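This report refers to the structure that appears directly beneath it.
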Amino acid sequence: MQLHHLVTGSYTNTTLFLLAFDSVSRTLGLDSTVPGYGLHQFVSSNSAKDRIHATAMSEPPRLFSWSVSESFTFNHLDTVNIRNSSSACYVSDNGQYAFSAGGPTAHVHALDQDGGIGQLIDEIDLLPSEEIKRVDKTRNAVLYGAHAFDVNVNNKAFIPDLGMNSIYMYDIAANGSRNTYPSKDGRLLYVITEHTQWLDVYEIGDIQLKHVQRGSAIPNDFRGEFTFRGNTVQPSRDEKYLFTSSRSRNSPGANGYVADFALNETGYLAEEEAQLVDIHSANPQWCQPSYWPGQSPRPRRDPEDLNRSVDAAQQAFRKWSKTFYDQRCAALMAFGDVIEANQDSLACFLTMEVGLAI
């Protein structure tokens with residue numbers, strides 16, 4: 001299959017975006033948009049990829065679901081009110097349950113036959129019941145409360161909580177999907193921290209987690225210089241790599257990062273130390289939208305650089321305006337020949353220049 005489709009939400013836009021990745025040209029483009037119902041959507045799908053569920057920082061707090069046709073047409077199924085804004089939603093592998101969490105509570109919903117969100121099965125309070133009634137349940141609560149809900153193959157549920165700096169673990173009678181990401185064999189849990197941008201690895205016991213490894217999701221040189229927020233951790237298709245993402249926060253001079261961590265045969269990080277190395281190395285590396293390993297970062301320009309560029313353009317225009325018509329035609333034809341002869345490399349450079357995937 002040449003085209004692979006992805007659907008994503010947005011931190012600052014209510015629209016959902018359907019993206020298409022071309023595995024031949026290795027480019028990622030916008031296929032279409034889908035009307036959404038709130039900011040900061042977290043999007044999840046069932047195993048068949050024909051149902052989409054999402055959270056949003058909406059008022060009132062709600063969960064949403066869509067059906068997806070083979071031609072990637074989205075049809076809104078239903079909207080369900082919940083007690084407080086959720087930051088993540090996952091669907092069980094058997095397609096029967098939806099798990100969500102945010103702020104002081106987490107929810108388990110049954111799914112209807114058409115994939116819509118059905119009856120509330122369970123609600124988990126992460127604070128004492130006497131405090132739940134008076135705590136913040138708006139979108140602001142997500143910043144210092146629960147931020148995800150994941151279930152591994154051993155029916156262990158994990159809810160990371162920002163404010164408590166903790167990961168809650170539960171026994172659960174349903175098979176779930178991933179975030180915080182549980183390993184396929186159920187032995188390990190990979191966690192990205194939001195405020196400190198670490199990728200932590202835990203061994204999963206019967207009643208507790210044991211921290212065993214830590215890798216940096218941003219370059220260590222940037223720690224303390226800029227403010228970042230860790231976002232997600234996801235595996236490669238062959239389960240040999242983990243990818244983490246982060247974004248800069250109130251730091252115009254910094255970009256977000258994607259880090260690539262190689263895993264050894266037992267699922268642990270092959271290397272913990274972050275280095276700027278080739279993308280196929282065992283060490284994680286950093287990819288800014290305007291930078292890719294092997295390419296030089298774009299240089300910073302100052303007003304003097306701009307003035308020199310304008311002066312050079314004006315001088316070139318004066319010379320060009322005195323050039324005869326046939327000479328101009330010959331120059332443009334020669335220029336076109338050079339572009340055509342180097343179209344593959346130029347396409348690669350232009351794609352990276354605007355921050356798209358290669």
Side-chain angles (χ1 to χ4, degrees), residues 1-58 62-79 86-91 93 95 98 100 111 114-117 177-179 181 231-238 241-247 255-260 279 287-292 295 343-358:
M1 181 184 297
Q2 179 175 338
L3 284 180
H4 303 270
H5 288 82
L6 308 89
V7 62
T8 179
S10 170
Y11 190 81
T12 58
N13 195 298
T14 60
T15 303
L16 298 180
F17 300 92
L18 180 65
L19 307 178
F21 176 71
D22 190 317
S23 58
V24 176
S25 63
R26 303 182 70 184
T27 56
L28 184 68
L30 177 64
D31 186 290
S32 62
T33 58
V34 180
Y37 300 94
L39 304 176
H40 198 296
Q41 310 103 325
F42 188 99
V43 182
S44 181
S45 70
N46 62 352
S47 57
K49 308 299 182 184
D50 60 1
R51 296 292 185 272
I52 296 294
H53 299 80
T55 64
M57 287 189 173
S58 59
R62 292 172 291 179
L63 299 177
F64 311 91
S65 63
W66 293 262
S67 63
V68 185
S69 70
E70 292 184 355
S71 59
F72 297 100
T73 298
F74 285 69
N75 178 48
H76 178 240
L77 293 176
D78 63 359
T79 297
S86 287
S87 181
C89 178
Y90 293 94
V91 180
D93 290 340
S100 60
L111 296 180
D114 64 356
I117 302 170
S177 198
R178 63 193 63 151
N179 181 37
Y181 174 70
N231 284 344
T232 56
V233 54
Q234 287 291 302
S236 61
R237 289 187 176 183
D238 58 9
Y241 297 89
L242 284 177
F243 303 102
T244 63
S245 64
S246 62
R247 67 185 189 276
N255 293 315
Y257 286 91
V258 173
D260 171 18
I279 193 165
C287 306
Q288 298 184 39
S290 59
Y291 171 68
W292 193 260
Q295 295 297 123
Q343 59 183 347
D344 290 340
S345 58
L346 288 172
C348 180
F349 289 134
L350 290 172
T351 302
M352 288 189 292
E353 185 179 63
V354 298
L356 295 178
I358 293 295

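Since the model is a prediction, treat every value here as computed from it, not as a measurement. When reading the values below, keep in mind they use all heavy atoms of this one structure, side chains included, and skip hydrogens, waters and symmetry mates.
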If I compare all heavy atoms of [X] with all of [Y], which pair ends up nearest, and what's the gap?
X	Y	value
Cys89	Thr55	CB-CG2, 3.5 Å
His76	Thr79	NE2-OG1, 3.0 Å
Ser65	Gly115	CB-O, 4.2 Å
Thr15	Val34	CG2-O, 3.5 Å
Ser10	Gln41	N-OE1, 2.6 Å
Gly116	Leu77	N-CD1, 3.8 Å

Going by side chain to side chain contact (heavy atoms under 4.5 Å, CB included), name the residues that satisfy it together with Asp22, two or more places apart in sequence or in a different chain.
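Gln2, Leu3, Val24, Ser25, Thr27.
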Mind checking what makes side chain to side chain contact (heavy atoms under 4.5 Å, CB included) contact with Phe243, not counting sequence neighbours?
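Per chain and number, Phe243 pairs via side chain to side chain contact (heavy atoms under 4.5 Å, CB included) with Ser236, Tyr241, Asp260.
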Please work out whether the ring planes of Tyr37 and Phe64 are parallel, tilted or perpendicular, with thresholds of 30° and 60°.
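Tyr37 and Phe64: parallel rings.
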Please round to the nearest 0.5 Å and tell me the distance separating atom [atom1] of [X] and atom [atom2] of [Y].
X	Y	atom1	atom2	value
Leu111	Ile117	CG	CD1	7.0 Å
Thr232	Phe42	OG1	CZ	7.5 Å
Ser45	His53	OG	NE2	9.5 Å
Asn46	Arg51	CG	CZ	7.0 Å
Asp114	Ser67	CG	OG	8.0 Å
Asn13	His40	CG	NE2	13.5 Å

Do [X] and [Y] make a side-chain contact, defined as non-hydrogen atoms from C-beta onward lying under 4.5 Å apart?
X	Y	value
Leu19	Leu30	yes
Val68	Thr73	no
Leu6	Leu28	yes
Thr33	Leu16	no
Val7	Phe72	no

If you take the centroid of each ring, where Trp contributes its six-membered ring, are Phe21 and His5 closer together than 6.0 Å?
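Centroid separation for His5 and Phe21: 6.0 Å or greater.
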